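Before any comments, here is the structure.
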Amino acid sequence: MTNSELPNQDRIKIVESRISEVTVYTNQARVTRRGLVTLTGNEKELVITSIPRTIQAESVRATGSGTVPVNILGVRTEKIFATEPVEEKTKKLSQQIEQLEEQKRTISDQLTSRKLQLNFIEGLSDKSVGFFSSGLAKQQVGLNETGELLNFLGQNYRKYVGAIAQLEKQEQQLNKQLEVIRQKLYQLQNHRPQESFSIFVAIEASDSGDFELEVSYIIDRANWKPLYDLRVNTTDNQINLNYLAEVNQNTGEDWINVALTLSTAKPGLGTLPPKLDPWYIDVIHQTPVEKPEFIRRRIAKKTAANEEIFRLEDMAFGESEKYEDRSDLTMFTPAAPASIAAQTAIATVSTEGGIVTFQIGGNNNIPNDGNPQKVTIFNENYPIRPEYIAIPRLVSFAYLQAAVTNPLTGATLLPGKANIFRDNTFVGTTQLENISPGQEFKLNLGIDEGLKIERELVERQVDKKLIGNQRRTSYAYRLTVTNLRQVPASLILKEQLPVSRNEQIKVRLTLTNPKVLLGEMGLLEWIIELLPGAKQELYYQFVVENPPDSYIFGLDI
């Protein structure tokens with residue numbers, strides 16, 4: 001059926017409707033339309049037109065209320081093929097093409113003329129060189145005449161070259177315009193009727209009066225996902241959590257001034273500290289032709305090459321994300337003394353049967369362009385517990401973590417991307433998992449130079465005597481941590497011992513100060529509380545025992 005074929009009788013009335021409510025799911029949306037109509041009592045069907053083709057026809061429902069009793073007997077949908085006259089548009093575009101082609105021919109003739117003039121100047125210049133050279137030599141031509149000719153040739157050469165360049169530029173612009181208009185003409189000439197749907201609601205009205213019709217339907221090409229802005233203030237140990245929704249739709253209809261609801265129903269980390277991998281050591285079995293000093297040189301070269309590769313990888317993939325200056329993303333402007341801060345509308349949150357619903361409210365605009373639109377769900381401040389993590393064997397500074405507890409009265413934080421700001425400076429992104437009310441989660445906030453960490457090898461001693469036919473080598477490290485901040489700091493410091501992969505090699509921890517127990521895979525972990533300006537030293541010692549005729553691979557101290 002086309003628009004021109006749509007029945008227009010007293011028994012069928014078209015209802016002018018607008019979208020009033022939208023509930024967006026993870027991959028589609030439920031749209032509610034309302035329209036007020038004055039009934040005479042003779043109508044048998046009410047029609048809402050121009051429903052986009054992304055509708056799920058079986059999902060349409062209808063209800064309503066008014067000043068007159070109305071029985072809704074049924075609902076159906078019907079495809080409509082909208083036709084529009086294209087002859088006038090085609091004629092207009094054809095005329096534009098003819099005008100541009102005429103301009104193009106004029107420019108082409110001018111180009112030919114200018115190129116002939118330029119060729120004449122170039123030819124005159126070539127012939128004049130020999131003539132004036134000979135004339136000057138025989139004193140038949142003076143310098144004044146030569147200078148005048150040179151000026152004439154130079155001025156005209158520049159004039160014609162400039163004119164040619166300008167004409168070629170105009171020709172290029174005309175070609176672009178012609179391409180655009182020809183494309184429009186092609187689309188018009190191959191125009192197909194636009195497909196849409198109409199909703200027909202069968203009714204029975206007993207009298208005349210006003211009636212507000214409400215229809216709802218499920219539509220595709222709409223979705224939303226959680227997005228978070230987390231702004232950490234390290235001065236007062238608070239985090240501002242801005243819970244956002246990124247909504248986009250390309251359904252075929254604009255949502256203007258609608259009451260928006262988001263539902264989970266279904267009809268990240270440049271700031272992370274490096275991870276300690278096990279520190280393995282093993283025995284290299286020598287061959288008669290290769291002496292230990294040659295082995296050590298070869299291993300040293302290989303180790304240096306690997307370290308360089310790791311350094312370049314860190315620069316390419318880690319450090320660039322950690323230290324990327326994104327301060328332009330911060331929006332911190334001191335408020336004027338007399339100004340009143342704007343209040344952000346927040347959503348009403350409800351949870352039922354594992355489905356979370358956010359009712360945003362009215363006056364939301366989500367255009368039909370597929371571009372993400374950010375909607376605020378809520379904005380809250382929560383206290384944080386700052387923690388520092390240091391791994392001196394890998395890096396000489398500490399990483400700051402913030403432990404946050406989602407309040408028992410708070411909303412469920414759905415999985416989504418979070419932008420992290422630390423003291424109004426963008427530090428990176430992370431991916432939040434599902435966080436229930438009362439659950440704690442941690443945010444990595446990158447490096448903090450407020451803690452100074454030094455690591456020093458203070459002992460490397462090989463026993464002269466063999467013990468049990470084993471060579472015994474002692475190693476000891478001293479670690480110094482200084483709190484340069486004006487507030488106390490809680491630090492988790494991690495070190496590790498080498499882990500043997502060969503039964504001939506034994507690694508034993510002999511001393512730690514402060515005392516800690518040896519963890520799995522050679523891990524040592526201290527928890528330190530530092531007052532402002534305080535300094536603390538840590539010390540640990542271990543021994544490696546191995547057969548005297550073996551060389552240990554991987555013991556890079």
Side-chain angles (χ1 to χ4, degrees), residues 1-84 192-222 249-261 263 265-267 352-353 355 357 359 362 366 368:
M1 178 184 292
T2 64
N3 282 344
S4 58
E5 298 169 349
L6 191 67
N8 187 18
Q9 305 170 10
D10 292 339
R11 301 168 67 86
I12 296 177
K13 181 165 289 187
I14 296 177
V15 180
E16 296 294 334
S17 66
R18 61 171 296 272
I19 298 174
S20 57
E21 299 174 12
V22 176
T23 299
V24 184
Y25 306 106
T26 53
N27 58 357
Q28 52 193 197
R30 181 177 182 269
V31 177
T32 300
R33 283 179 173 267
R34 290 190 176 93
L36 186 64
V37 61
T38 299
L39 300 177
T40 63
N42 297 322
E43 292 84 2
K44 296 301 180 184
E45 279 189 318
L46 302 179
V47 184
I48 294 179
T49 62
S50 301
I51 305 298
R53 60 180 182 174
T54 52
I55 186 179
Q56 295 185 9
E58 67 279 4
S59 69
V60 180
R61 300 291 183 270
T63 184
S65 61
T67 61
V68 56
V70 173
N71 292 328
I72 295 179
L73 306 178
V75 180
R76 66 184 176 89
T77 60
E78 189 172 312
K79 279 186 181 181
I80 303 295
F81 296 94
T83 58
E84 56 179 350
R192 292 188 300 175
Q194 185 177 359
E195 178 184 327
S196 66
F197 279 82
S198 287
I199 298 175
F200 292 80
V201 181
I203 66 167
E204 185 179 66
S206 59
D207 202 349
S208 62
D210 292 334
F211 179 72
E212 185 178 44
L213 176 66
E214 177 184 304
V215 297
S216 65
Y217 49 86
I218 299 295
I219 200 165
D220 295 324
R221 299 182 187 174
Q249 62 102 349
N250 192 15
T251 61
E253 58 187 10
D254 292 322
W255 302 341
I256 306 299
N257 294 329
V258 300
L260 185 65
T261 300
S263 175
K266 293 183 182 299
E352 185 177 352
I355 295 174
T357 301
Q359 294 179 343
I366 313 293
N368 171 46

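We count residues from 1, following the sequence as given. Note that the structure is predicted; figures quoted are calculated from it, not measured.
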| Could you walk me through whether Gln249 and Val22 pass the side-chain contact (heavy atoms from CB on, under 4.5 Å) check? | CA-CA 11 Å; Gln249 62 102 349; Val22 176; over 6 Å; no
| said: What's the separation between atom CD in Glu253 and atom CG in Asn368, rounded to the nearest 0.5 Å? | reply: 8.0 Å
| request: May I have all residue pairs that pass salt bridge (charged side-chain N to carboxylate O under 4.0 Å, His left out) and include part of residues 49-77, sequence neighbours excluded? | output: Glu45-Arg76, Arg76-Glu78
| field | Nearest-0.5 Å distance, CZ of residue Phe197 to CD1 of residue Ile48 | value | 15.0 Å
| query | Any idea which heavy atoms bring Thr23 and Ser263 closest together, and the distance? | reply | CG2-CB, 4.2 Å
| request: Using a cut-off of 6.0 Å, state whether more than 12 heavy atoms not belonging to Arg33 lie near its atom CZ. | output: yes
| Residue pairs involving residues 204-214 (criterion salt bridge (charged side-chain N to carboxylate O under 4.0 Å, His left out); sequence neighbours excluded) | Arg34-Glu214
| said: Return the NZ to CG distance between Lys13 and Leu39, rounded to the nearest 0.5 Å. | reply: 6.0 Å
| field | Test side-chain contact (heavy atoms from CB on, under 4.5 Å) applied to Thr77 and Tyr217, step by step | value | CA-CA 11 Å; Thr77 60; Tyr217 49 86; over 6 Å; no
| Heavy-atom closest contact (Ser50 atom, Ser198 atom, distance) | N-OG, 4.4 Å
| request: Taking all heavy atoms of Val75 and all of Ala62, pick out the closest pair and write down the distance. | output: CG2-CB, 3.5 Å
| Is it true that a side-chain atom of Thr54 and a backbone atom of Thr251 form a donor plus acceptor pair closer than 3.5 Å? | yes
| message | As a quick check of understanding, evaluate side-chain contact (heavy atoms from CB on, under 4.5 Å) for Glu21 and Thr261, giving each step before the final call. | response | CA-CA 8 Å; Glu21 299 174 12; Thr261 300; over 6 Å; no
| With no hydrogens and no angle check, do the side chains of Asp220 and Gln28 hold a donor and an acceptor under 3.5 Å apart? | yes
| Spatial distance of atom CG (Leu213) from atom CG (Leu46) [nearest 0.5 Å] | 5.5 Å
| message | I'd like to check Pro52 versus Ile219 (side-chain heavy atoms, cut-off strictly below 4.5 Å). Are they in contact? | response | yes
| When rounded to the nearest 0.5 angstrom, what distance separates CD in Gln359 from CG in Leu260? | 10.5 Å
| note | Closest non-hydrogen atoms of Ala29 and Trp255, given as atom of the first, atom of the second and distance, are CB-CH2, 3.8 Å
| query | Looking at OG1 of Thr40 and CZ of Arg11, how far apart are the two atoms once the value is rounded to the nearest 0.5 Å? | reply | 10.0 Å
